[in-house]
Amino acid sequence: MLHDISAKRYPAHISIIGAGVAGTWQALLLSRAGFDVTLFERDDPALKSSTGHWAGGMLAPYCEGEATEPAITRLGLRSLDLWDQELASGPRSGTLVVAHRRDRTDFDRFARRTAGHDLVDAERLAILEPALAGQFDRGLFYADEHHVEPRKVLPHLHARLNDHGVAIHYGEAPASAKGGLTIDCRGIAARDQVADLRAVKGEMIVVETKDVQLNRPVRLIHPRWPLYIVPRADHHFMIGATTIETDDDGVSVRSALELLSAAYAVHPAFAEARIVEIGAGLRPAFPDNLPRVRIDGDRISVNGLYRHGFLLAPALAELTATYLTRDAIDNEVMQCV
Amino acid sequence: MVAFYNEQFSSRLLIGTALYPSPAVMQQAIRASAAELVTVSVRRETAGGKTGDAFWSLIRELGVAVLPNTAGCHSVREAVTTAKLARELFGTSRIKLEVIADQETLQPDVIGLVEAAQILIKDGFDVYPYCTEDLGVAQRLVDAGCRVIMPWAAPIGSARGIVNRDALKLLRQRLPDITLVVDAGIGAPSHAAEALELGYDAVLLNTAVAKADDPVAMANAFRLAVDAGRAAFEAGLMTPRDFASPSTPVIGTPFWHAAS
């Protein structure tokens, strides 16, 4: 069936630059669509220089809808299904949103501006998250949301690629490959070549404690940032992330204080948690904070995933695959240059 | 036109650049507001002495004047240092001076504010002090050399509108030659219109626009409200009275209708 596609749309070979979450998903879906794919990554398999290394891995299309364009929720919902299919994981964890008493007005606004949630009272909240019993008198439960652990899920997907026969070349990031089609998924590293791309810093802290158990990510209403406390394996919790307009990737004392006090506000036992790691990633963003798939001859750039790398990468990969196999374009996020 | 120190602006709406869903929405909202002077935070975006260059160029693209803000400073020394940093970073001597007394209410520390204003004015800054509606404090700021005074309507981000109308009226009455700006606490265009009707020269706001469901449409609503409030002030508002005063002659009205 693929033989019916014109040669222009069906390149003999595809080189994908960047094995972060965006490039990995492109490689996965394009190789599955029958293309001959090679993946290049400047870093080693630990991907410590990748923005995703510092990501929360939240798959929260409804919550993110509070302050983003509808396209994020639309693509995010599609991505959730693709993640489910890929990981064949169990039921989704959902997200629980709570607010400090003083931020009640912002909590009500959040409820009004997002879909996909149930308002839960103290009793139901205590069933969902026994650790938080008595801490909050209400919450918003987004049952259909989910999360993945970036540092575990990417190696898993890379192993899948190997099984598919996709070669991953570490320590190599050619600006473009010779022959065939190049898909540039370098994120913020491509900012010199991608017009309008800017860096937005996200700081996060990982703590470890056995005194708190959470079944799902808890988002605390904050006047400026979406702050999540994401439970991870081995009694670890990721607290993040800030959203700061800067290309400096250091972590400030002020941000650390705010992140840690957010955790403390959710549960006082976090006061005794051990700090495991503090770090920051630079997210690539366009001025409208929406992603772009830019098609320019034999080069496609997938960038601007902003705070939503894990949330958007599968859906964007599907869009590229649909374009290459059926010549269809998503007008909201794709452009032919 | 409204004078801020030696500068003249035609817009009486000053607007903040924080809290928008995206820089693109921020740009559209500021354009819709027709504001010519926008506040920028010095502290958050400049960690390590680096501004978010890309974000900053998006503000520059608007062609508006910037008013750097010492938001979040809790001491005189901190505010003065931040002001000097802002002058270098943004290349302007304008400074919105905030010295915060109380973390809960973000109430200004008026004593520290006067002290910081004295230091900065001597150093050549055009100081825009964020203060309470207290006349004594405003007078001290004027004595220090401030030509612009920015009393709050209500606590920052509270959206409660003008809480102490009488005190704001008194400030206007007693400081006729000072540029007065209502800063903070404005939640609705009607609050902004009210400030302008009181004879205030301008209003400064951020959250009410940035956190609206449609920030661009709300910016436009504020633009209209500020224009309406100013036009009403210039037209001369009628004085409220306790009893009805008919706008049509009552002669000829049957006595059983004229009597109450």
Side-chain angles (χ1 to χ4, degrees), chain A residues 64-72 100-103 105-106 109-110 112-114 188 191-192 194-201 203 222-226 242-258 261 280 282-291 304 306-308, chain B residues 16-31 40-62 71-74 78 82 89 102-106 154-160 187 206-208 210-216 218:
Chain A
E64 290 301 313
E66 184 254 342
T68 56
E69 303 285 335
I72 301 294
H100 192 267
R101 207 175 297 273
R102 277 192 46 200
D103 295 322
T105 313
D106 292 327
R109 179 179 184 274
F110 195 91
R112 181 168 55 80
R113 286 180 60 90
T114 55
I188 197 63
R191 78 178 120 177
D192 293 338
V194 180
D196 296 337
L197 198 67
R198 74 185 199 286
V200 181
K201 175 166 73 169
E203 297 148 296
H222 180 281
R224 290 189 300 283
W225 309 315
T242 58
T243 300
I244 300 178
E245 294 284 347
T246 182
D247 51 12
D248 177 298
D249 65 357
V251 179
S252 74
V253 170
R254 199 231 272 267
S255 293
L257 288 171
E258 288 209 33
S261 73
L282 294 179
R283 311 159 173 121
F286 290 108
D288 55 8
N289 293 345
L290 284 175
Y306 185 46
R307 276 205 329 250
H308 309 119
Chain B
T17 53
L19 302 171
Y20 294 87
S22 71
V25 171
M26 175 199 74
Q27 286 185 316
Q28 290 162 31
I30 291 173
R31 287 199 182 102
V40 289
S41 142
V42 186
R43 299 175 58 84
R44 290 258 29 137
E45 322 299 354
T46 52
K50 287 167 89 176
T51 49
D53 272 341
F55 184 73
W56 173 226
S57 68
L58 290 167
I59 293 176
R60 248 190 332 238
E61 270 175 24
L62 293 164
C73 290
H74 284 77
E78 201 184 354
T82 306
L89 282 170
D102 180 61
Q103 194 57 56
E104 285 283 303
T105 61
L106 299 179
I156 294 174
S158 69
R160 292 172 63 192
N206 191 159
T207 316
K211 289 280 196 178
D213 287 351
D214 184 341
V216 182
M218 189 59 84

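For clarity, every value in this text was computed on a predicted model and none was experimentally measured. Chain letters run A, B, ... following the sequence lines, proteins first, then strands; residues in each count from 1.
Salt bridge status for B:K211 with A:D106: absent, with no side-chain N to carboxylate O gap under 4.0 Å.
With respect to chain B, the highest number of heavy-atom pairs below 4.5 Å among A:R109, A:R112, A:E69 belongs to A:R109. Taking chain A as the reference chain and counting heavy-atom pairs below 4.5 Å, the highest number among B:G157, B:A159, B:P23, B:A24 is found for B:P23.
Within a 6.0 Å radius of CZ in B:R31, other residues, nucleotides and ligands contribute more than 12 heavy atoms. For A:H100, the NE2 atom is loosely surrounded, since the number of other residues' heavy atoms within 6.0 Å does not exceed 12.
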- Task: Determine, stepwise, if the pair A:D288 / B:Q28 fulfils side chain to side chain contact (heavy atoms under 4.5 Å, CB included).
- Result: CA-CA 11 Å; A:D288 55 8; B:Q28 290 162 31; over 6 Å; no
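Across all their heavy atoms, A:A67 and B:P21 have their closest contact at O-CB, 3.4 Å.
Once rounded to the nearest 0.5 Å, the distance linking OG1 of B:T17 with CD of A:E245 reads 9.5 Å.
With a 4.5 angstrom heavy-atom cutoff, A:R102 touches chain B only via side-chain atoms.
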